There are 2 protein chains.
Amino acid sequence: MVTTIDGAEYPALDPYREGCPTRRVLDRVGDRWTVLIVGALGGGPRRFSELLRRVEGISQKMLTQTLRGLERDGLVSRAAHLEVPVRVEYELTEAGHSLLEPLRALENWAIEHYTGIARSRTDYDTRTA
Amino acid sequence: MVTTIDGAEYPALDPYREGCPTRRVLDRVGDRWTVLIVGALGGGPRRFSELLRRVEGISQKMLTQTLRGLERDGLVSRAAHLEVPVRVEYELTEAGHSLLEPLRALENWAIEHYTGIARSRTDYDTRTA
DNA sequence: CTGCATCCTGCTAGATACTG
DNA sequence: CAGTATCTAGCAGGATGCAG
């Protein structure tokens, strides 16, 4: 099963097509906070407050929200320990773990290229100023 | 050079820290449209209108905007052929090409896991309904 | 400590119309 | 064809207060 655009054929399972389920998956994964949270969970289970401190700049609301989304997607598991005070730990599931590798690749790419990108940005800005 | 949070040490170049330049790079790369546009350019130079058709759901405005950003970052080059009608071609630079691999990894991950994720979502929804 | 509810704001992105 | 400009609506996301 293929589709044709501009004379070229594309597979049916195609993130470039709007309705494709992989698009929704990419939307989540491409999310700004998801990348960082999954990465932060890479080292093992983390408490809510740990994540809040670790992922700088995230608000409590967005952390909760993103964690819920990840839980819903089956990428993160949530374990509430009913002590006083409450302790909640989040952990990557197996699927979540498998996401770690492509994400790390992206992270490494960012680290390798950020100087070049920064330079290119200032160049571009002075050139078009 | 390291920083310490919760007793653990982290490297200085750390996307999890707000000020870190790699954070800004990740913000761009993790962008919803960037992933798709760079991917669409993976097969070679593409015209503006080709991209518009290929990346379903993107508006002309967002395509222009994202392409400008990628050009500014030195990931995409723009070649305007002054004919009638005008023809503009976009192409990945070397740096842009290097981004292709981690992005494809992400894409493949999405394709591999979307069924599991979809199931997990409906499970979660019925469970919490 | 963890997390939900509410309110409020700014920015993002879509629609539309116009130009080289 | 490949943009720019403007206007607007919707919603993402921050702040705050409260509850288990």
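Computed from a predicted model, the values in this text were never measured in an experiment. Naming convention: chains lettered A, B, ... in sequence-line order (proteins, then strands); numbering from 1 in each chain.
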According to salt bridge (charged side-chain N to carboxylate O under 4.0 Å, His left out), who are the partners of [X], at least two apart in sequence or on a separate chain?
X       : value
B:Glu89 : B:Arg87
A:Arg32 : B:Asp27
B:Arg72 : A:Asp125
B:Arg28 : B:Asp73

Check your understanding: Could you give the angle between the helix axes at the two ends of the helix from C:dC1-D:dG20 to C:dG20-D:dC1, with five pairs per end, rounded to 10 degrees?
Key ->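 The helix from C:dC1-D:dG20 to C:dG20-D:dC1 shows an end-to-end axis angle of 50°.
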Check your understanding: Would one find a side-chain N or O of A:Arg47 under 4.0 angstrom from OP1 or OP2 of C:dT2?
Key ->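 A:Arg47 to C:dT2 OP1/OP2: side-chain N or O found under 4.0 Å.
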Review point. Would you say A:Ser49 reaches C:dT2's phosphate, i.e. side-chain N/O to OP1/OP2 under 4.0 Å?
Key: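 Yes, A:Ser49 has a side-chain N/O under 4.0 Å of OP1/OP2 on C:dT2.
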Say whether [X] and [Y] are linked into one hydrophobic cluster, either directly or through other cluster members, by side-chain heavy-atom distances under 4.5 angstrom.
X        : Y        : value
B:Val88  : B:Ile37  : yes
A:Tyr124 : B:Leu75  : no
A:Leu26  : A:Leu100 : yes

**Study point:** Sequence-distant partners of A:Trp33, ring-ring contact (aromatic ring centres under 6.0 Å, His included), two or more places apart
**Key:**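 With sequence neighbours excluded, A:Trp33 shows a ring-ring contact (aromatic ring centres under 6.0 Å, His included) to no residue whatsoever.
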Exercise for review: Applying side-chain contact (heavy atoms from CB on, under 4.5 Å), name anything that partners A:Ala118, two or more places apart in sequence or on another chain.
Suggested key: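 None.
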Point to revise | Sequence-distant partners of A:Thr115, side-chain contact (heavy atoms from CB on, under 4.5 Å), two or more places apart | key: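 For A:Thr115 there are no side-chain contact (heavy atoms from CB on, under 4.5 Å) partners, ignoring immediate neighbours.
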Exercise for review: Produce a footprint string for nucleotides 8-20 of chain C: one letter per nucleotide, 5' end first; B if the base is under 4.0 Å from any protein heavy atom, S if only the sugar-phosphate is, - if neither.
Suggested key: -----BB-----B
Review point. Do the non-hydrogen side-chain atoms of A:Arg104 and A:Glu107 ever get within less than 4.5 Å of each other?
Key: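 They are in contact (side-chain heavy atoms under 4.5 Å apart), so the answer is yes.
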Check your understanding: Nucleotide range of DNA chain D contacted by chain B, 5' to 3', under 4.0 Å to a heavy atom?
Key ->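 That gives a stretch of D:dC1 to D:dT4.
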Using a 3.5 Å cut-off and no angle test, enumerate the donor-acceptor pairs between side-chain atoms of residues 63-70 of chain B and protein atoms at least two apart in sequence or in another chain.
residue	atom	partner	partner atom	Å
B:Thr64	OG1	B:Gln60	O	3.0
B:Thr66	OG1	B:Met62	O	2.6

Check your understanding: By a strict heavy-atom criterion of less than 4.0 Å, which residues belonging to residues 66-85 of chain B are in contact with DNA chain D?
Key ->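 Of all residues in residues 66-85 of chain B, the ones placing a heavy atom under 4.0 Å from DNA chain D are B:Arg68, B:Arg78, B:Pro85.
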Practice item. Please name the pair of heavy atoms, one in A:Ala95 and one in B:His113, separated by the smallest distance, quoted to 0.1 Å. Key: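 For A:Ala95 versus B:His113, the nearest heavy atoms are CB-CD2, 4.3 Å.
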